[in-house]
Amino acid sequence: MATKPSIPKGTRDFSPTEMLRRKYIFSTIERVFQKYGFLPLETPAMENLETLTGKYGEEGDRLIFKVLKRGAELERALEDRSKGLAAEALRYDLTVPFARYVVQHQHEIAFPFKRYQIQPVWRADRPQKGRYREFYQCDADMIGSTSLINEVELVQLFDDVFTDLGLKVVVKINDRKVLSGIAEVSGQPEKVVDIVTAIDKLDKIGREKVEEEMRAKGVSDAAIQGIAPLFELSGTWSEQRPVLERWLAASATAQQGLKDLSFTFDAVGAMKSAVLEFDPTLARGLDYYTGAIFEVKALEGSLGSSICGGGRYDDLTGVFGLKGMSGVGISFGADRIYDVLQETGKFPAELGGSTRVLITNFGAAEAMHGLKLLRQLREAGIAAELYPDAVKLAKQFKYANDKGIGYVAVIGESELQSGTVTLKDMRTGEQRSISEAELIAVVSS
RNA sequence: GUGGAUGUAGCUCAGUUGGUUAGAGCGUCGGAUUGUGAUUCCGAAGGUCGCCGGUUCAAGCCCGGUCUUCCACCCCA
C-alpha cells in the first residue's frame, strides 16, 4: 500500500484561494517596481556552491541547501571527501545572485542598473511560524549610483506599495555610519559588531539585557556608559537630530551618517500610508550594509516582526571581482505580508480569477449551443465556463456556488427553442429570462 | 545547530488510573426536490489513532526511536 504523500519540511502547497491572494501581493509589488523603473531579472534556482559560500557569514553557510553530486562524480567524491559531496546549491537570497549577474554581465549593463526579482529562495533553517525553508523574496536593487536620491525613492516605493495594499506601516531607517560612530564615541570602535547586534535586540529584551549581553561580549563598562544616550533618545527626527549631533560630535563618520539621514528625511516629503522613523537600534544584515538600513513593520495586526528590509552596500560585487560598485536595495517578505493582510482582513473581497458566468449542461444539444454562447462571452472578455457534464442541475449550481461564480445561465430545452437563457444572479438569488443577445450586457455590468 | 511541546476522520478537536466494536461539529456523498446553489430536514460513507519498535493478558493512552508541526534560542524574510 502506498504511503501517505507529504511534502518536505518547511515547504508548502498553495491552494487556488491562497494563490489568488499571493498573486495579488506579487503583482502589486511588481507594478510599483516597474513604475519606479526597475526591470525584471531571473537567475537560476541553483548556483555554483562557491558563489554562495562565505557570503552570509558562518551561520549562513550552515543554512545553504547543497545539491548532492550525481552519478560517477558522486562515487569519486565519496572516495575522496576533500572536495565535498556538493558542487552546487539552491539560492539562499536574491542579492548575491544579483551581484554575480552584474559582475558576469558588466559589459552589457548600462549603469546605474535597476532590477527587480521575485523568486523563491531556500534555507536549511529550522521551520517556525512565518519561517519556511522555501519562501519568496521580492527584491529591487539599484547598483552603480551613490546618490541618496535612491534611498529617498525606495522609501517612497515602500509607501506606494503599502498604500496599494491598504496597510499602515512604519518605515524604520538607520545608517550604518551612525552605528559605527556610536561604537567610536564609546571608545571601543573595534566592538562595533557586538555593540550593534546587542542594541538590535533592545525592543525585544530591554535595556538591561542589552547591556548584559554587551558586557558578556567584552564591551567595557565605560563604553556601555558611553552608549547610554541612545536609550534616552525620543521624539521625531528633527528633535533627535540635534541630540545625536552633540553626542556623536567626535565622530566624523557619524556626522556624515546624520547628514545623509537628514537628506532622506527632508527629500521624502509627505507620505500616504507609511511613517518614516529613525531607529538607532536598527542594525539588520550587518555583514554587507554600509550606509542606510531599512526595515518595515506593519502597524496593524499582531505579527510584530519585520515585513521588509533593505539597505545600502558599498562593495557588494567586490567578492566577484568588480570593485567600487555601490548599490542600495530592498526586499519585501511576501509570506509575512500575506499573514498580516490575512489577519487584518485586508485582502480584496473578490480577487479576479473566478469565473463570471457558468452555462449549465443539459445534454448534447444544449451543450453544443452553450459552447457557441461561451465563445461569444469569452470574445467579449468575460470569464465563462460551460459545465462539462450533463449531471443534475443541483450539482451544477453547487459548483458555481462553491467557486464563487456570479451568474448561472440555464439553457435547457425550452430556452433552446425560444432563444433565451434563464439567468440567475447567485448573490441575490434573483432569476429572470432574457434573450441571448442581452446576456453579455447583463453579465458584464 | 541547542532546549521544550505536539500529532486521533478531508478540517477543527473530544476520548476517564491502560479494558470489548474510537466519538462530535464542520465538510463530502445520497435522498426530501428526475430544471436550481447558499438556508432546512433525513440518511450514509470516511480512521492501521504520524511511523517503527518495546512493555502488558490487553496500548489511542505507558516506554524508546524516528518524522511532522509548533514554541524559545541562534539567525532571519
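Chain naming here is simple, since letters A, B, ... match the order of the sequence lines and numbering starts at 1 in each.
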Determine which bases of RNA chain B form Watson-Crick or G-U wobble pairs with both distances under 3.5 Å, and write the result as a 5' to 3' dot-bracket string with | for other-strand partners. (((((.(..((((.....[...)))).(((((.......))))).....(((((..]....)))))).)))))....
Kindly point out which of rC75(B), rC29(B), rG35(B) is positioned nearest to the side chain of Lys201(A)? rC75(B)
Give the intermediate values and the outcome of salt bridge (charged side-chain N to carboxylate O under 4.0 Å, His left out) for residues Lys272(A) and Asp160(A). CA-CA 8 Å; Lys272(A) 295 173 284 187; Asp160(A) 275 5; 2.6 Å; yes
Which comes earlier along RNA chain B counting from the 5' end, the contact point of Arg62(A) or that of Gln137(A), where each point is its nearest nucleotide?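 Mapping each residue to its closest nucleotide by heavy atoms, the 5'-most match is Arg62(A).
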On RNA chain B, more 5' by nearest nucleotide between Phe332(A) and Tyr399(A) is Tyr399(A)
Heteroatom pairs (N/O) under 3.5 angstrom, protein to nucleotides 38-47 of chain B:
| from | atom 1 | to | atom 2 | distance (Å) |
| --- | --- | --- | --- | --- |
| rA38(B) | O4' | Asn401(A) | ND2 | 3.2 |

Can you sort out the partners of Asp164(A) under side chain to side chain donor-acceptor pair (under 3.5 Å), two or more places apart, ordered by chain and number? none
Partner residues of Lys83(A) under the side chain to side chain donor-acceptor pair (under 3.5 Å) criterion, sequence neighbours left out: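 So Lys83(A) forms no side chain to side chain donor-acceptor pair (under 3.5 Å) with any residue.
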Table of protein N/O atoms under 3.5 Å from nucleotides 6-8 of chain B N/O atoms:
none

For [N] and [M], measure between their [atom1] atoms and round to the nearest Å.
N: rG54(B); M: rC61(B); atom1: C1'; value: 15 Å
N: rG65(B); M: rU28(B); atom1: P; value: 42 Å
N: rU12(B); M: rU34(B); atom1: C1'; value: 37 Å
N: rU6(B); M: rC70(B); atom1: C1'; value: 7 Å
N: rG25(B); M: rA32(B); atom1: C1'; value: 23 Å
N: rG4(B); M: rA9(B); atom1: C1'; value: 29 Å

Atom-to-atom span, [atom1] of [X] to [atom2] of [N] - whole angstrom:
X: Gln431(A); N: rG37(B); atom1: CD; atom2: C1'; value: 11 Å
X: Glu59(A); N: rU2(B); atom1: CD; atom2: P; value: 12 Å
X: Asp125(A); N: rU2(B); atom1: CG; atom2: C1'; value: 13 Å
X: Phe397(A); N: rU34(B); atom1: CZ; atom2: P; value: 15 Å
X: Leu63(A); N: rU2(B); atom1: CG; atom2: P; value: 13 Å
X: Phe65(A); N: rA77(B); atom1: CZ; atom2: P; value: 17 Å
X: Leu282(A); N: rA77(B); atom1: CG; atom2: P; value: 12 Å
X: Gln396(A); N: rU36(B); atom1: CD; atom2: P; value: 11 Å

Once base and sugar-phosphate atoms are separated, protein heavy atoms under 4.0 Å mark nucleotides 65-72 of chain B, 5' to 3', with B, S and - as ---SSSSB
For RNA chain B, find the residues of [range] with a heavy-atom distance under 4.0 Å and give them by number; none if there aren't any.
range: residues 90-98 of chain A; value: none
range: residues 38-48 of chain A; value: none
range: residues 23-31 of chain A; value: none
range: residues 151-165 of chain A; value: none

Under 6.0 Å from the [atom1] atom of [X], do we count more than 12 heavy atoms belonging to anything else shown?
X: Lys372(A); atom1: NZ; result: no
X: Leu68(A); atom1: CG; result: yes
X: Met271(A); atom1: CE; result: yes
X: Met19(A); atom1: CE; result: yes
X: Glu413(A); atom1: CD; result: no
X: Arg375(A); atom1: CZ; result: no
X: Lys66(A); atom1: NZ; result: no

With a 4.5 Å cut-off on side-chain heavy atoms, are [Y] and [X] touching?
X: Glu151(A); Y: Ile173(A); value: no
X: Met426(A); Y: Asn401(A); value: yes
X: Arg207(A); Y: Val210(A); value: no
X: Ile434(A); Y: Thr420(A); value: no
X: Gln119(A); Y: Pro97(A); value: no
X: Cys308(A); Y: Phe158(A); value: yes
X: Asp175(A); Y: Ile293(A); value: no
X: Tyr387(A); Y: Lys395(A); value: yes

Under the 6.0 Å and 45° cation-pi test, does [X] pair with [Y]?
X: Arg100(A); Y: Phe320(A); value: no
X: Arg123(A); Y: Phe65(A); value: no
X: Arg356(A); Y: Tyr407(A); value: no

Determine whether the side chains of Glu30(A) and Ser27(A) contain a donor N or O and an acceptor N or O closer than 3.5 Å.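 Side-chain D/A pair, Glu30(A) to Ser27(A): absent.
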Using a 4.0 Å heavy-atom cut-off across all strands, classify Glu295(A) as base, sugar-phosphate, or nothing. nothing
Using a 4.0 Å heavy-atom cut-off, does Ala394(A) contact any base of the nucleic acid, only the sugar-phosphate backbone, or nothing at all?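 Sugar-phosphate: the residue Ala394(A), judged by heavy atoms under 4.0 Å, touches backbone atoms but no base.
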Check side chain to side chain contact (heavy atoms under 4.5 Å, CB included) between Thr428(A) and all other residues, then give those that pass, not counting sequence neighbours.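 If we apply the side chain to side chain contact (heavy atoms under 4.5 Å, CB included) test to Thr428(A), skipping adjacent residues, the hits are Asp425(A), Glu430(A).
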Quick one: does Thr360(A) reach the base of rG35(B) with a side-chain donor-acceptor pair under 3.5 Å? no
Kindly state whether the pair Phe135(A) / rA77(B) counts as stacked, where counting means centroids closer than 5.5 Å and planes tilted less than 30° apart. yes
Output all residues satisfying ring-ring contact (aromatic ring centres under 6.0 Å, His included) with Phe33(A), sequence neighbours left out; order by chain, then residue number.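 Tyr116(A), Phe332(A).
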In a check of salt bridge (charged side-chain N to carboxylate O under 4.0 Å, His left out) between Asp335(A) and each of Arg131(A), Arg133(A), Arg12(A), which one passes? Arg12(A)
Measuring to OP1 and OP2 of rU33(B), would you say a side-chain N or O of Lys392(A) lies under 4.0 angstrom away?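 So the side chain of Lys392(A) is outside the cut-off, no N or O lying under 4.0 Å from OP1 or OP2 of rU33(B).
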